[in-house]
Every structure is written in C-alpha cells, then in structure tokens.
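Notes to accompany the following structure.
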Amino acid sequence: MAIVILHASIRDLESVLYLEKVCFEEDAWTILDLTYALSAPNKIRFKALVDENFAGFAAAENHTKECISWITTIAVLPEYRNRGVASALLDACEADLSYPKVRLAVNVHNIAAIRLYRKYGYKEIETWKNYYMNGDNALIMEKQL
Ligand SMILES: CC(C)(COP(=O)(O)OP(=O)(O)OC[C@H]1O[C@@H](n2cnc3c(N)ncnc32)[C@H](O)[C@@H]1OP(=O)(O)O)[C@@H](O)C(=O)NCCC(=O)NCCS
C-alpha cells in the first residue's frame with residue numbers, strides 16, 4: 001500500500017466534497033466553503049492518495065495577527081483508515097505551517113481524532129461550548145512545533 005501526499009487544488013473539489021459529507025455529515029463544509037478552501041491563496045491543503053485513489057484531505061492556515069497556525073480540517077475515507085493516512089497528512093501540514101504555535105478544534109466525543117492529536121503532542125487548552133451543529137462542544141488543542 002503506497003500513501004502519496006500531494007498538494008490539493010480546486011480540481012479535487014468533487015472528491016473533497018464527498019469526503020466531507022461522509023466524515024462530517026451535518027458539520028460538513030459546504031461547496032462554497034470548499035471552493036474557497038481549495039482556491040484561496042496562502043492556504044495549506046494536501047490530499048492523500050492510497051494506491052493512486054483519493055483517500056483523505058487536510059487543510060491549514062496561518063493567522064498572521066495572532067501568529068498562530070490552525071489545522072482546519074483533516075479527514076480520511078472510512079475504507080482507508082488506520083493505515084497512517086491522517087498521520088501522513090498531519091506531517092505534511094505541520095511541515096508547511098508558518099508559526100510554531102499550532103491549534104485545532106475537535107469534537108469532545110471524537111476519540112479517534114483526539115488520540116491522533118495527543119500522539120502528535122497536541123494538548124487540550126480550552127473548550128468552546130456548542131461549537132458543532134448538534135450542540136457538542138469543541139476541544140481546542142495546541143502544540144508547539
Ligand atoms: C481521525 C481520522 C482522521 C484518523 O485517520 P487515520 O488515517 O485512520 O489515522 P492514522 O491511521 O494516521 O492513525 C494515527 C493515530 O490516530 C489514532 N487513531 C486513529 N484511529 C483511531 C481509532 N479508531 N480509535 C482510536 N485511536 C485512533 C491512534 O492514536 C493512531 O495511532 P496508532 O495507530 O499508533 O494507534 C479518521 O478517523 C477520520 O477521518 N475520522 C472522521 C473525520 C474526523 O473526525 N476528522 C478529525 C476532525 S478534528
């Protein structure tokens with residue numbers, strides 16, 4: 001099994017739209033959100049291919065006022081999970097960020113993602129109440145690269 005990480009672009013819109021729906025349901029980014037995420041300048045976006053098939057996507061951005069980088073999304077299609085795809089996407093994002101302070105938001109109930117981020121050295125710093133559509137809270141995690 002070969003995992004290849006490549007820069008993503010607007011040409012990946014259809015694949016990423018499908019991935020978002022499968023992974024995030026009511027919290028999925030809309031086609032407008034994704035068009036922006038895949039085409040705006042100064043954004044970091046990577047796709048993962050497994051044996052040449054689209055398997056996952058991650059995006060990040062640098063907030064210049066606060067000097068903090070944010071991982072804004074990371075998702076892997078169910079059939080490609082538990083093979084290191086998210087880890088490879090996270091490695092690629094972290095290597096491209098401008099600031100050593102990195103943050104992300106994760107649903108407090110998302111055990112798989114929280115374990116992934118803890119493994120990478122992210123620590124919980126605060127909770128944002130009612131962040132998700134169903135009222136779930138978000139855990140804000142931070143890492144110093
Ligand atoms: C979370 C997610 C991105 C992980 O993707 P993945 O490619 O399966 O992750 P990896 O194979 O790189 O796993 C790396 C680590 O993550 C953790 N992890 C991944 N899946 C896990 C699971 N089902 N249960 C517990 N821990 C898990 C483990 O610590 C794992 O390391 P290990 O294999 O040494 O135990 C994937 O489950 C997903 O896309 N979920 C839906 C979207 C989502 O929730 N994204 C995060 C939004 S904040």
Side-chain angles (χ1 to χ4, degrees), residues 1-38 40 42-63 66 68-145:
M1 184 198 73
I3 301 172
V4 176
I5 303 297
L6 299 171
H7 286 286
S9 75
I10 195 66
R11 288 188 297 277
D12 300 301
L13 180 61
E14 204 176 315
S15 302
V16 181
L17 196 55
Y18 173 74
L19 173 76
E20 279 277 319
K21 279 190 187 134
V22 169
C23 292
F24 298 114
E25 299 173 354
E26 60 184 354
D27 288 304
W29 283 358
T30 65
I31 193 165
L32 274 180
D33 298 329
L34 283 174
T35 300
Y36 181 67
L38 287 165
N42 304 322
K43 288 196 183 289
I44 293 156
R45 48 216 165 209
F46 289 103
K47 63 181 171 183
L49 304 183
V50 172
D51 297 335
E52 301 184 10
N53 299 307
F54 179 90
F57 174 73
E61 56 194 31
N62 299 304
H63 290 194
E66 308 107 314
I68 298 175
S69 296
W70 283 81
I71 307 283
T72 51
T73 191
I74 182 160
V76 175
L77 285 171
E79 58 268 40
Y80 295 110
R81 289 181 190 164
N82 301 306
R83 306 177 191 195
V85 174
S87 303
L89 285 165
L90 201 48
D91 284 336
C93 284
E94 287 187 353
D96 241 20
L97 298 173
S98 297
Y99 303 115
K101 188 185 281 187
V102 189
R103 290 186 183 166
L104 54 84
V106 57
N107 188 308
V108 291
H109 302 300
N110 192 341
I111 303 300
I114 292 170
R115 277 193 60 180
L116 165 71
Y117 301 137
R118 282 189 184 144
K119 187 178 169 189
Y120 268 74
Y122 289 81
K123 306 247 186 292
E124 293 92 28
I125 55 162
E126 59 184 293
T127 302
W128 290 353
K129 300 272 182 208
N130 290 312
Y131 183 73
Y132 295 99
M133 291 297 276
N134 67 355
D136 280 355
N137 297 339
L139 209 51
I140 305 305
M141 301 183 77
E142 182 181 287
K143 173 179 178 179
Q144 292 286 338
L145 294 179

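Predicted model only: the values in this text are computed from it and were never measured. Ligands are counted one by one from 1 in listed order, and the atoms in each one are counted from 1 as well.
- Of all protein heavy atoms, the one lying nearest to atom 43 (C) of ligand 1 is Phe24 CE2, 3.6 Å.
- Protein heavy atom nearest atom 33 (O) of ligand 1, with residue, atom name and distance: Lys119 NZ, 4.3 Å.
- Between Leu89 and Phe46, the shortest heavy-atom contact is CD2-O, 3.7 Å.
- Nearest-heavy-atom check against atom 14 (C) of ligand 1 across Gly56, Ser87, Pro78, Ala75 picks out Ser87.
- Taking every heavy atom of both residues into account, Ile74 and Ala86 meet most closely at CD1-O, 3.5 Å.
- Among protein heavy atoms, the minimum distance from atom 35 (O) of ligand 1 is reached at Arg115 NH2, 4.0 Å.
- Set against the non-hydrogen atoms of Ala113, the atoms of ligand 1 under 4.0 Å away are 1 (C), 46 (C).
- With 3.5 Å as the limit, one finds a donor-acceptor pair spanning the side chains of Asp91 and Tyr120.
- Here the closest non-hydrogen pair linking Met141 and Tyr122 is CE-O, 3.5 Å.
- No more than 12 heavy-atom neighbours from other residues, nucleotides or ligands sit within 6.0 angstrom of CD1 on Ile31.
- Checking only distances, Tyr117 never comes within under 3.5 Å of ligand 1, N or O to N or O.
- Looking only at heavy atoms of the protein, atom 37 (O) of ligand 1 is closest to Arg81 CD, 3.4 Å.
- For ligand 1, the atoms lying closer than 4.0 Å to a non-hydrogen atom of Asn110 are 43 (C), 44 (O), 46 (C).
- Counted within 6.0 Å of CD on Glu14, heavy atoms from surrounding residues, nucleotides or ligands total 12 or fewer; the atom is thus considered open.
- Listed by number with element, the atoms of ligand 1 under 4.0 Å from a non-hydrogen atom of Arg83 are 11 (O).
- What sits closest to atom 9 (O) of ligand 1 on the protein, heavy atoms only, is Ala86 CB, 3.4 Å.
- Within 6.0 Å of the CD atom in Glu26, the count of heavy atoms belonging to other residues, nucleotides or ligands exceeds 12.
- Nearest non-hydrogen protein atom to atom 15 (C) of ligand 1 is Leu116 CD1, 3.8 Å.
- Looking only at protein heavy atoms, the nearest one to atom 39 (O) of ligand 1 is Val76 N, 2.8 Å.
- Nearest-residue assignment for atom 45 (N) of ligand 1 (options Asn107, Leu19, Asn82, Ile74; heavy-atom criterion): Ile74.
- Of the candidates Gly84, Ala112, Ala105, it is Ala112 that places a heavy atom closest to atom 24 (N) of ligand 1.
- Phe24 CZ: more than 12 foreign heavy atoms inside a 6.0 Å radius.
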